[in-house]
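Down below is the structure, laid out as structure tokens.
Bear in mind that the values here come from a model prediction, so they are computed numbers and not experimental data. Residue numbers count from 1 along this sequence.
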Amino acid sequence: MGRTFSRTPRGPRAGRGVRTAGAALAAVALAVTAAGCGGDSLESKSSDSGDAGTGGGKKGSLVIGSAGFTESALMAQLYSRLLADAGYSTSIKTLKNRELYEPALEKGQIDVVPEYAATLAEFLNGKKNGPKAEPVASSDVDKTVAVLEKLAEPRGLKVLPVGEAVDQNAFAVSGEFAEKHRLKTLSDLGKSGQKIKLAAGDECDIRPFCRPGLEETYGIDITAIDPKGVGTTPAKQAVKDGTDQLVLTTTTDATLTDFGLVLLEDDKGLQNADNLLPVVSAESAGDKDVEAALDKLTKVLTTDDLIDLNRKVDAERQKPADVAEEFLKSKGLLSK
């Protein structure tokens with residue numbers, strides 16, 4: 001759950017968008033996800049990270065929230081180290097998913113979280129307007145962030161500036177399959193007329209930006225969903241072996257080349273703008289010093305950087321704290 005994929009199975013870059021039918025299904029799915037997590041308490045699903053930056057604490061203490069997946073852990077470490085460098089005492093609290101850490105942010109139990117623009121916008125939209133709310137996010141990052149800001153402010157949340165780095169769901173094929181059928185985009189795949197077995201989560205059948213979107217927007221002939229999960233090793237192996245032809249993964253998947261896979265461009269902008277940005281408690285972390293510290297990272301972080309950072313943790317088994325420290329030093333973002 002953490003980076004829950006009801007958040008709109010994502011695709012390469014924000015651009016022009018086409019909305020597809022099935023928005024109500026996505027909202028219902030989000031509500032079911034939230035209900036399923038409702039019994040978890042903050043205390044039972046959180047943990048403090050001892051390797052986060054501590055800082056001198058002259059400007060006070062801040063708790064950075066992290067969800068239960070690699071990229072979120074990395075971003076939390078990056079935020080923590082930058083804020084420590086700026087004079088704050090910092091700690092990291094890991095919570096299982098958005099259904100836990102977003103309310104904790106509202107309550108002041110955590111102060112800062114790394115977030116995804118479109119996903120958080122739809123999450124807050126669902127909280128405000130119910131499970132059948134019309135979608136508010138799009139592939140236009142500026143419009144999506146503007147909507148997010150309006151939804152966040154009444155909840156005591158402040159949305160900090162968004163950056164270039166984006167982590168969206170994406171679809172990949174084997175390099176051999178792409179070369180044989182001359183595929184570079186999802187439109188190419190639809191025009192090829194190939195029958196496609198898609199390795200994904202079983203919910204892909206109803207997600208409007210997964211199977212329904214691929215069929216309606218791109219005309220891809222999907223014969224079946226192979227429920228091997230989103231970007232899992234078995235899912236990617238199935239495409240490598242030719243058992244399946246397409247796999248649902250993410251734009252920051254660091255292991256695609258290990259399986260000989262290539263992403264197909266989401267050339268019609270099916271996916272929403274899930275660019276990374278910090279979201280903070282307006283009361284405890286809404287000052288200009290916090291924004292300035294985090295903005296140093298936001299301005300330079302790219303999608304390729306995310307891929308490399310994820311690779312170092314997932315493939316090379318390095319510690320997120322060490323990877324974060326090395327990256328910030330390499331970019332000259334630390335003063336000490």
Side-chain angles (χ1 to χ4, degrees), residues 2-3 46-67 69-95 101-102 104-105 108-117 120 145 148 152 157-167 252 274-313 318-336:
R3 180 179 53 172
S46 65
S47 61
D48 292 311
S49 171
D51 55 2
T54 56
K58 295 179 181 179
K59 295 182 180 179
S61 299
L62 294 173
V63 179
I64 295 89
S66 170
F69 59 98
T70 297
E71 190 169 283
S72 184
L74 278 164
M75 292 302 300
Q77 290 288 350
L78 289 164
Y79 286 2
S80 178
R81 185 65 182 87
L82 282 169
L83 290 168
D85 188 63
Y88 295 91
S89 175
T90 64
S91 61
I92 293 175
K93 188 172 288 291
T94 301
L95 296 99
Y101 69 69
E102 191 278 332
L105 188 63
Q109 294 169 326
I110 58 176
D111 305 295
V112 182
V113 293
E115 260 295 359
Y116 301 87
L120 183 59
V145 171
L148 172 57
L157 307 182
K158 183 178 180 181
V159 178
L160 301 189
V162 69
E164 172 193 342
V166 59
D167 181 1
T252 59
D274 255 330
N275 295 60
L276 271 74
L277 77 178
V279 179
V280 304
S281 164
E283 181 177 357
S284 63
D287 62 82
K288 58 179 176 38
D289 289 343
V290 170
E291 180 172 340
L294 298 180
D295 200 43
K296 292 194 296 183
L297 174 64
T298 301
K299 286 179 177 178
V300 303
L301 188 68
T302 67
T303 305
D304 285 342
D305 288 333
L306 287 176
I307 294 172
D308 187 53
L309 292 169
N310 286 330
R311 179 184 297 111
K312 288 179 178 179
V313 174
Q318 297 185 41
K319 293 181 179 180
D322 295 339
V323 173
E325 179 86 6
E326 178 187 3
F327 177 80
L328 293 173
K329 287 181 177 178
S330 73
K331 297 294 184 180
L333 299 182
L334 299 177
S335 63
K336 52 189 176 182

Do the side chain of T303 and the main chain of V166 share a donor and acceptor less than 3.5 angstrom apart?
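It does hold such a pair.
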Judged by atom type as modelled, is there a donor-acceptor pair below 3.5 Å linking the side chain of D111 to the main-chain atoms of V63?
yes
[X]: which residues meet the salt bridge (charged side-chain N to carboxylate O under 4.0 Å, His left out) condition with it, sequence neighbours left out?
{"X": "D287", "result": "none"}
{"X": "D295", "result": "K299"}
{"X": "E291", "result": "K158"}

Output, in order, the C-alpha distance, side-chain angles, deciding distance and verdict of side chain to side chain contact (heavy atoms under 4.5 Å, CB included) for V300 and K296.
CA-CA 7 Å; V300 303; K296 292 194 296 183; over 6 Å; no
As an exercise, state the distance from [atom1] of [X] to [atom2] of [Y], rounded to the nearest 0.5 Å.
{"X": "R81", "Y": "I64", "atom1": "CZ", "atom2": "CD1", "answer": "12.0 Å"}
{"X": "D289", "Y": "L294", "atom1": "CG", "atom2": "CG", "answer": "11.0 Å"}
{"X": "L74", "Y": "F69", "atom1": "CG", "atom2": "CZ", "answer": "10.0 Å"}
{"X": "Y88", "Y": "L83", "atom1": "OH", "atom2": "CG", "answer": "7.0 Å"}
{"X": "L334", "Y": "L82", "atom1": "CG", "atom2": "CG", "answer": "6.0 Å"}
{"X": "Y79", "Y": "T90", "atom1": "OH", "atom2": "OG1", "answer": "14.0 Å"}

Provide the closest heavy-atom pair for [X] versus [Y] in the form atom of the first, atom of the second, distance.
{"X": "A117", "Y": "V145", "value": "CB-CG2, 4.1 Å"}
{"X": "V280", "Y": "A285", "value": "CG2-O, 3.4 Å"}
{"X": "T298", "Y": "P161", "value": "CG2-O, 3.4 Å"}
{"X": "P114", "Y": "A76", "value": "CG-N, 4.2 Å"}

Could you list the donor-acceptor pairs under 3.5 angstrom formed by side chains in residues 326-333, with sequence neighbours left out?
| from | atom 1 | to | atom 2 | distance (Å) |
| --- | --- | --- | --- | --- |
| K329 | NZ | E325 | OE2 | 3.3 |
| S330 | OG | F327 | O | 2.7 |

T70 and N310: side-chain hydrogen bond (donor to acceptor under 3.5 Å, both in side chains), yes or no, with the steps?
CA-CA 7 Å; T70 297; N310 286 330; 5.6 Å; no
Applying side chain to side chain contact (heavy atoms under 4.5 Å, CB included), name anything that partners A73, two or more places apart in sequence or on another chain.
S66
Under the side chain to side chain contact (heavy atoms under 4.5 Å, CB included) rule, collect the residues that match up with S61, sequence neighbours excluded.
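S61 satisfies side chain to side chain contact (heavy atoms under 4.5 Å, CB included) with S89 once adjacent residues are dropped.
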Go through the steps for E115 and L148 under the test side chain to side chain contact (heavy atoms under 4.5 Å, CB included), then give the verdict.
CA-CA 11 Å; E115 260 295 359; L148 172 57; over 6 Å; no
Could you check if a side-chain atom of [X] sits within less than 4.5 angstrom of a side-chain atom of [Y], using non-hydrogen atoms only?
{"X": "L105", "Y": "E102", "value": "no"}
{"X": "L276", "Y": "Y116", "value": "yes"}
{"X": "L120", "Y": "V279", "value": "yes"}
{"X": "V313", "Y": "Q77", "value": "no"}

In sequence, state the C-alpha distance, the side-chain angles, and the governing distance for M75 and L306, and then conclude on side chain to side chain contact (heavy atoms under 4.5 Å, CB included).
CA-CA 9 Å; M75 292 302 300; L306 287 176; 4.0 Å; yes
